[in-house]
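The shown structure was predicted, so the numbers you read here are calculated from the model rather than taken from an experiment. Side-chain atoms are counted along with the backbone in the values below, which use heavy atoms only and exclude waters and symmetry mates. Counting from 1, the numbers follow the sequence of the chain as shown.
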Amino acid sequence: MLSASLRRARERSGISRELLSALSEVPTSRIAAWETGESEPSPTDADSAARAFGVRLRDLEGQGGWPLEGLLFRAHDNAGLLTLAETGSWPAIGEFLRAIADLADIERVLGVTEPPPLPVLASPGANQSPWEGAQALARSLRRALRLDASSPIPSMRLLVAELGVQLFFTTPDELDRNVDGASTRLPRPAILVNLIEGPGSWWRTRMTIAHELCHLLVDHTEGSEAFVSAANPT
């Protein structure tokens, strides 16, 4: 039953009914009714709940997708999730993760060749200062991607395309302006960029792509395949 699948996803994710309500915008009372067997979720509510886990309904009922414990956050705790929910950011991120699954399905049907696996780079050593670690990581990244050691990267969009990373874009109408972007390795590498207008907006977009690419290459580990990057959300 769909209600049982939703309950399993919530329990595996370690979140409360109240937090799922905030993430899905479905009242806690209706979630409780599903889980106690008093009712089944409506199609709309079930889809909203599935989106809260970043999956489509058919993924939630089967083996595809992942619940929230498969997501890697800058601050992976309930408070961080609640902040994203309160700013109205989570639905856009959930839709981004579901769009990647749709894209992967379309590519399989069309016989599109899968992109080569992304390299995985080691995090800076704990004995290094943040500046030293960043410099070492930059050198390591340039070597791994066969980039010139000193020349600026002409185009971040071209670089990620050559790596097989799909770019998605949104705006502050859908994603809080304090959330710069998100990225995922599964089911295929992709980056979401929040296009925030203002002075230097082109540079902010470039830096967001670079920032999320670093997450894809450094921070993602087995069991943590989607990363949400927020810049001091309020």
Do any N or O atoms from the side chain of [X] and from the backbone of [Y] form a donor-acceptor pair under 3.5 angstrom?
X	Y	value
Asn194	Val179	yes
Arg204	Ile196	no
Ser140	Ala136	no
Arg17	Thr28	no
Ser21	Val26	yes
Trp34	Leu6	no
Arg10	Ile15	yes

Quick one: closest heavy-atom pair of [X] and [Y], and the distance?
X	Y	value
Arg142	Ser150	NH1-N, 4.3 Å
Leu19	Ser16	N-OG, 3.0 Å
Leu163	Leu118	O-CD2, 3.7 Å
His215	Ser183	CB-OG, 4.0 Å
Ala33	Thr36	O-OG1, 3.4 Å
Pro91	Glu25	CG-OE2, 4.0 Å

Can you tell me if CD on Glu114 sees more than 12 non-hydrogen neighbours from other groups inside 6.0 Å?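 Incorrect, the count does not exceed 12.
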Arg157 CZ: over 12 foreign heavy atoms closer than 6.0 Å: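 Counting neighbours around CZ of Arg157, 12 or fewer heavy atoms of other residues, nucleotides or ligands fall under 6.0 Å, so no.
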Say you draw a straight line from [atom1] of [X] to [atom2] of [Y]; how long is it, rounded to the nearest 0.5 Å?
X	Y	atom1	atom2	answer
Thr208	Ile191	OG1	CD1	9.5 Å
Ser29	Glu38	OG	CD	10.0 Å
Leu141	Leu137	CG	CG	6.5 Å
Leu158	Ile153	CG	CD1	10.5 Å
Phe168	Thr184	CZ	OG1	10.5 Å
Phe53	Leu97	CZ	CG	13.0 Å

Is there a side-chain contact between [X] and [Y] in this structure, where contact means two heavy atoms from C-beta onward sitting under 4.5 Å apart?
X	Y	answer
Pro119	Leu145	yes
Met207	Asp180	no
Leu217	Cys214	no
Thr205	Leu195	yes
Val160	Leu216	no

Phe169 and Val165: same hydrophobic cluster, using ILVMFWY side-chain contacts below 4.5 Å?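 Yes.
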Is it true that Val112 and Ile100 fall in one hydrophobic cluster, defined by side-chain heavy atoms closer than 4.5 Å?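 No, because Val112 and Ile100 fall into different hydrophobic clusters, even though each may have its own neighbours under 4.5 Å.
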Is it true that Glu197 and Ser201 share a donor-acceptor pair across their side chains at a distance under 3.5 Å?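 Note: Ser201 and Glu197 side chains miss the donor-acceptor criterion.
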Give every residue pair that meets the salt bridge (Lys or Arg N to Asp or Glu O under 4.0 Å) criterion with at least one member in residues 89-109, sequence neighbours excluded.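 Listed once each, the pairs are Asp47-Arg98, Arg51-Glu95, Arg56-Asp102, Arg56-Asp105, Arg58-Asp102, Arg58-Asp105, Glu95-Arg98, Asp105-Arg108, Glu107-Arg188.
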Please report the C-alpha distance between Leu192 and Leu175 in whole Å, then the side-chain angles of each, then the deciding distance to 0.1 Å, and finally whether the side-chain contact (heavy atoms from CB on, under 4.5 Å) criterion is met. CA-CA 10 Å; Leu192 174 69; Leu175 186 63; 4.2 Å; yes
